[in-house]
2 protein chains.
Amino acid sequence: MAPTPQPATQPATPPAPHRAKGRPRSAAADRAILDATREALAELGWGGLTMGDVAVRAGVAKTTLYRRWPSKNELVVDAVASLFDELEIADRGSLRADIADVVAQFADLLARPESQAALLALFAEGSRDPQLRRRIREHIVDPQKRLVHEGLAHAVARGEVPADGDATAIAEQIDIIFDTIAGAVEHRMLVIGEPADPVWINRFIDLLLNQGLVSGCPGC
Amino acid sequence: MAPTPQPATQPATPPAPHRAKGRPRSAAADRAILDATREALAELGWGGLTMGDVAVRAGVAKTTLYRRWPSKNELVVDAVASLFDELEIADRGSLRADIADVVAQFADLLARPESQAALLALFAEGSRDPQLRRRIREHIVDPQKRLVHEGLAHAVARGEVPADGDATAIAEQIDIIFDTIAGAVEHRMLVIGEPADPVWINRFIDLLLNQGLVSGCPGC
DNA sequence: GAGATACGCTACGACCTGTAGCGAATAGAG
DNA sequence: CTCTATTCGCTACAGGTCGTAGCGTATCTC
C-alpha cells in the first residue's frame, strides 16, 4: 500500500511503481501527508477530515495529494494500514510468550489515539466495499495471523507442540484463538475505551490456553 | 434515544419530550426517517449518506429532519441505537444456553447489512466523543451485559452456580467472558466479514466455559 | 375560533470535493 | 548544456452537501 502511481499509465507490476524519467516524487511529502492524515484523523475523525486540511498540515498543495491518491478514502486506507507495518514476531521461548508478545503489540497499536477512529472508520468502509475488505485482510489481518503461525512453527521446532498432531487442526485453532483475542482487544479498546494492559492480556491467554474461566476444568 | 426535542426550550426532563400545544409531530415521520436512515446507511455507508437522500426516501422535507435531530451525526446514532432495543433474555434452562441465546441475538443483529457500517462508524465517532461513548455504553453495551447478568441470576436460582462463591468475582468473570465473545463476534462479522453461525458460537462457548482450546486441560 | 406548532417548499451562504491550467523546479537522456 | 518528462505550488472552478431562514398551509389544544 505504498503511494500508488496515479498517472494514467498503470504499470500493473509492483516492482517499479513509476518510471524514473522526470522529476521524482518527494518522499518527504509522502511521509508528511501520511503523518498529517493520521494526525487529522485523531483530531477530527473520518467525517471531519478534509483534504484541504491535510494538505495544510503536511505543508503541500492539495493537488499533490490527488497526484498520489485518487480520493480521501484511499488516502486514509494507506495512512492506517501503514501503522501495521511495524508488527514483528520475536522468538521469546514459548508459544504462549510469542502470542502474548504479538497481542501486546496489537494492544499498543490500538492504544494510539490516531488508530482508533481511523481503524474503525476503515472497517466501516470495508463492510461495504469487498475490495477494500480484501485489502484490509491482506495488509492488517493476515500479517497478524502470519505472526502467530510463525510463532507456532517455533513451538513445533521447540517440541512444545507435537508435529505429528493434526497440524491443520492446530493451525485452525490458532486462527480461532487469534480471532478471539484480537476481537477482545479491539472490543476493549475501540468499543469500551479502556486499555488492554499486560495483566488483562495475561488473564485472557490463561483463559484461552489453559482452562475455562468460570469453574476451572469442570469436564476434567 | 427517542427523537429529541430540538426546539430552543430544552425540557431536560425525559418524560414529556415536547409540550402538547400546537400540531404534534408525526410519529409516522419518525419511523420513516429512522427506517430510511438505516436503509441508506446499508446502501451508501456513513460517508455516502446525505440528509437530502434520507428525506427523499422517508418522503418528508429535509427541514423535518432538522426539526428532530441537530445533525447527521445524531440522527445516525439514534437510528443505530434503536436496533438494540430488541435484545431480550430468555430463561432457557442453563447459564450456557442463556449466554448462547444472547450471543446468537447479537450475531443476528451484526449480520444485518445496515448494522455493519453503521455500528462501526458509530464506534469510530465514539472514540473521539466521550459523551457519545457514554451513550454507546448505556444503550448498546450495558443492555447486553445486563442480559448476561440476568442469565447469571437465573443460574444462581437454579443452583447451577454457587451463590456462596465470590459473587462479584463471578460477575467480573461474566463480564470478561461477554467482552470476549462480543469482541470475537464483532471481529468475525465486522472485520473478517464472515457470519458467526451457531456452530461457531458453540465452539467459542465450549472454549470459554469448559476447556482450553489447544490441548484440552494441560494443567489439570 | 384563536393560538401554537409541524409540515412542505424554495432559496441561500458556507464548506468540501475533485479537476484544470499555469509557470517554476528538478530529474535523466542525448 | 539542452531537451524532455514529470512534479510542485498556486489559483480558479463546477458540483454537491450541510444546515438555516422564510413563507404559506395543515393540524392540534384551549
Side-chain angles (χ1 to χ4, degrees), chain A residues 2-11 16-33 36-37 40-41 43-78 121 125, chain B residues 2-11 16-33 36-37 40-41 43-78 121 125:
Chain A
T4 31
Q6 193 47 29
T9 56
Q10 201 99 1
H18 59 89
R19 55 196 174 291
K21 283 299 294 286
R23 175 176 176 175
R25 288 190 184 160
S26 162
D30 286 345
R31 273 180 284 108
I33 292 171
T37 302
L41 224 37
E43 288 182 20
L44 310 169
W46 181 295
L49 178 142
T50 69
M51 296 297 261
D53 182 52
V54 170
V56 171
R57 287 172 191 260
V60 301
K62 197 175 62 168
T63 44
T64 299
L65 271 68
Y66 284 103
R67 278 194 198 91
R68 289 164 165 77
W69 292 274
S71 80
K72 189 166 107 174
N73 203 320
E74 317 284 332
L75 168 60
V76 175
V77 171
D78 274 10
E125 280 301 307
Chain B
T4 30
Q6 193 47 28
T9 56
Q10 201 99 0
H18 60 89
R19 53 198 174 288
K21 286 297 294 285
R23 175 177 175 176
R25 289 191 183 158
S26 162
D30 285 346
R31 274 181 282 106
I33 292 171
T37 302
L41 224 37
E43 288 181 20
L44 310 168
W46 182 295
L49 179 143
T50 69
M51 296 296 262
D53 181 51
V54 171
V56 170
R57 288 172 190 260
V60 302
K62 197 175 62 166
T63 45
T64 299
L65 271 68
Y66 284 103
R67 278 194 197 92
R68 289 163 164 77
W69 292 274
S71 79
K72 188 166 109 174
N73 203 321
E74 318 284 332
L75 168 60
V76 175
V77 171
D78 274 9
E125 280 299 308

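Just so we're clear, the structure is a prediction, and the values are computed from it rather than from any experiment. Each chain gets a letter, A, B and so on, in the order its sequence line appears, and its residues count up from 1.
- If you measure from atom CG of Leu65(B) to atom P of dG19(D), you get 11 Å, rounded to the nearest angstrom.
- Distance Arg68(B) CZ to dG19(D) C1': 17 Å, rounded to the nearest Å.
- What you find for Arg57(A) and Ala36(A) is that their closest heavy atoms are CB-CB, 3.7 Å.
- Scanning all heavy atoms of the two residues, the minimum distance from Ala58(A) to Ala32(A) falls at CB-O, 3.6 Å.
- Nucleotide dG8(C) holds its P atom 13 Å from the CZ atom of Arg25(B), rounded to whole Å.
- One finds no side-chain N or O of Ser71(A) lying less than 4.0 angstrom from the OP1 or OP2 phosphate oxygen of dT17(C).
- Rounded to an integer number of Å, the gap from Tyr66(A) OH to dT7(D) P is 17 Å.
- Taking the side chain of Thr64(A) as heavy atoms from C-beta on, and the options dC18(D), dG9(D), dT19(C), the nearest nucleotide is dG9(D).
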Q) What string of B, S and - do you get for nucleotides 9-14 of chain C, 5' to 3', when a contact is any protein heavy atom under 4.0 Å? A) B-----
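- Looking at Val54(B) and Met51(B), their side chains never come closer than 4.5 Å, going by heavy atoms from C-beta outward.
- Scanning all heavy atoms of the two residues, the minimum distance from Leu44(A) to Leu49(A) falls at CB-N, 4.0 Å.
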Measure all distances between protein nitrogen or oxygen atoms and nitrogen or oxygen atoms of nucleotides 15-17 of chain D, and list the pairs falling under 3.5 Å.
none

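- Regarding Glu74(A), its CD atom lies at a distance of 10 Å from the P atom of dG18(C), rounded to whole Å.
- Note: Thr37(B) OG1 to Lys72(B) NZ = 11.0 Å, rounded to the nearest 0.5 Å.
- In terms of heavy-atom proximity, Trp69(B) sits nearest to Ile33(B) at CZ3-CG2, 3.6 Å.
- At the heavy-atom level, Gly59(B) lies under 4.0 Å from the strands shown only through sugar-phosphate atoms.
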Close N or O pairs between protein and nucleotides 26-30 of chain D (under 3.5 Å):
unit_1	atom_1	unit_2	atom_2	d
dA26(D)	N3	Arg23(B)	NH1	3.2
dT29(D)	O4'	Lys21(B)	O	3.1

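- Without hydrogens or angle criteria, Arg68(A) side chain to Arg25(A) main chain gives no donor-acceptor distance under 3.5 Å.
- Side-chain contact between Leu75(B) and Tyr66(B) is absent, with no heavy-atom pair separated by less than 4.5 Å.
- Atom C1' of nucleotide dT7(D) and atom CG of Asp30(A) are separated by 12 Å, given to the nearest angstrom.
- If you measure from atom CG of Leu75(B) to atom P of dC18(D), you get 11 Å, rounded to the nearest angstrom.
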